[in-house]
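This report refers to the structure that appears directly beneath it.
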Amino acid sequence: MLDVTSAHEIAADARVRANVVRLAAAQALTGANSAVIFATGAIVGATLAPDMSFATVPISMYVVGLAAGTLPTGAISRRFGRRAAFVIGTGLGTLTGLLGSFAILHGSFALFCIATFLGGLYGSVAQSYRFAAADGASAAYRPKAVSWVMAGGVFAGVLGPQLVQWTMDVWQPYLFAFSFLVQAAVALIAMGIVAGVDMPKPAPADLHGGRPLLTIVTQPRFIAAALCGIISYPMMNLVMTSAPLAMKMCGLSVSDSNFGIQWHIVAMYGPSFFTGTLIARFGAQKVVAAGLLLEAGAAGIGLSGLTAMHFWATLIVLGVGWNFSFIGASALVLETHRSQERNKVQAFNDFLVFGMMAIGSFSSGQLLANYGWSAVNLVVFPPVVLGLVVLSLVSWARRRKARLEAAMGEFPDAI
């Protein structure tokens with residue numbers, strides 16, 4: 001029986017590895033979507049918006065799209081399979097580029113915001129790639145599958161900003177208009193890749209099985225995982241969103257900004273080649289804690305100076321911190337649900353993360369415009385402390401429970 005089980009796990013992991021390759025490639029191309037928006041959104045917004053304080057609204061609309069797309073992505077995946085959701089997402093990515101280019105050419109702030117919102121919907125589908133990679137994998141391989149798919153973002157870190165750098169001046173005087181057109185083409189290529197992912201439709205039993213969502217999400221371990229995701233991603237987004245505009249306000253060039261975003265994205269995804277191994281060795285909670293501490297360290301660097309080097313160092317350390325904390329939190333979520341519960345739990349987790357991220361994102365422009373870059377960095381510290389405290393409490397509770405169970409097993413009459 002053990003040999004049969006082992007053979008099934010090996011066969012399942014072989015299929016998962018093939019999916020991981022495709023999903024990592026899709027992650028790389030999809031990452032170009034977010035890279036283009038984050039590298040250009042605030043700058044285009046400052047050009048088209050009626051007031052400077054609205055400059056980051058296009059990026060905020062991207063984040064709103066991320067939040068708005070999570071639950072529909074889960075519902076579509078649950079009803080029709082993940083592949084259908086992936087193809088729909090890449091179609092939205094194509095619309096993002098076409099409408100974004102049109103909006104810049106016609107000077108429409110409203111249309112540009114709609115384009116970035118569609119980009120957020122595309123991004124919300126792409127967020128499920130990391131969870132999809134673990135479908136059917138053995139428990140030992142799941143963290144590595146998640147981590148390897150996230151590693152595809154390294155290519156996005158190079159492709160996205162370079163795409164902007166190569167194309168931003170093609171249609172003068174319409175800065176970045178051609179960049180969005182090329183982004184649409186990249187999304188079409190991603191569509192061809194995800195169409196080949198081997199993920200059959202869910203079995204009928206999976207559509208109605210599992211525990212109620214409320215039962216799952218009230219587990220202390222899920223609460224800790226979701227909270228750390230809520231802290232990790234929004235705090236990273238707050239600083240990253242503000243950085244290009246802050247650099248411009250400090251007299252630095254668009255090239256300096258593109259360089260910083262490029263290496264930030266590389267730092268976000270580069271550690272993924274070994275993050276899964278770190279989680280397997282040290283546990284997800286320790287990796288999450290290390291990531292949150294690095295995000296706080298990035299904010300400290302941001303407070304220490306306003307040169308290009310300070311901005312670049314902030315963005316790089318911030319990216320590594322996000323990688324550890326967000327992938328670690330995702331691995332914790334995978335430990336809280338059964339296979340038939342995965343779509344609804346994962347979608348709900350992402351809804352919490354990106355819903356909070358959307359709320360925070362709308363304040364980033366006001367925060368930067370009214371209080372400056374230092375205030376943006378100072379906001380990072382309290383949530384990080386909260387996350388570390390909750391992680392410590394959950395870890396302590398688990399150790400205490402384990403000790404009690406061990407005591408009951410050794411001295412059953414004493415408990």
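Model, not experiment: these values are computed from the prediction.
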[X]-[Y] aromatic ring centre distance below 6.0 Å:
{"X": "W322", "Y": "Y269", "value": "yes"}
{"X": "F180", "Y": "F102", "value": "no"}
{"X": "W373", "Y": "F311", "value": "yes"}
{"X": "Y62", "Y": "F117", "value": "no"}

Inset, instruction - Check the pair Q346, N349 against side chain to side chain donor-acceptor pair (under 3.5 Å), reporting the backbone distance first and the verdict last. - result: CA-CA 5 Å; Q346 294 163 8; N349 172 76; over 6 Å; no
Any donor and acceptor pair, going by atom type alone, linking the side chain of [X] with main-chain N or O of [Y] inside 3.5 Å?
{"X": "S101", "Y": "A177", "answer": "yes"}
{"X": "S232", "Y": "G229", "answer": "no"}
{"X": "W263", "Y": "A313", "answer": "no"}
{"X": "T215", "Y": "R211", "answer": "no"}
{"X": "T116", "Y": "G119", "answer": "no"}
{"X": "S325", "Y": "G321", "answer": "yes"}
{"X": "S128", "Y": "S124", "answer": "no"}
{"X": "D350", "Y": "T70", "answer": "no"}
{"X": "S108", "Y": "I104", "answer": "no"}

Inset, instruction - Would you mind telling me which of V194, V125, V197 makes a side chain to side chain contact (heavy atoms under 4.5 Å, CB included) with V87? - result: V194
Legend entry - Results of salt bridge (Lys or Arg N to Asp or Glu O under 4.0 Å) for R22 - residues two or more places apart only: none
Inset, instruction - Would you indicate whether the side-chain heavy atoms of H337 and K344 approach each other to under 4.5 Å? - result: no
Inset, instruction - Would you mind reporting whether R221 and Q285 have side-chain heavy atoms less than 4.5 Å apart? - result: yes
Inset, instruction - Indicate whether any N or O donor in one side chain lies under 3.5 Å from an N or O acceptor in the other, for S374 and N377. - result: no
Legend entry - Side-chain donor-acceptor pair present, Y122, T30, cut-off under 3.5 Å: yes
Inset, instruction - Of all the heavy-atom pairs spanning V333 and V345, show the shortest one and how long it is. - result: CG1-CG1, 4.4 Å
Legend entry - Nearest heavy atoms of L352 and A226, plus distance in Å: CD1-CB, 4.1 Å
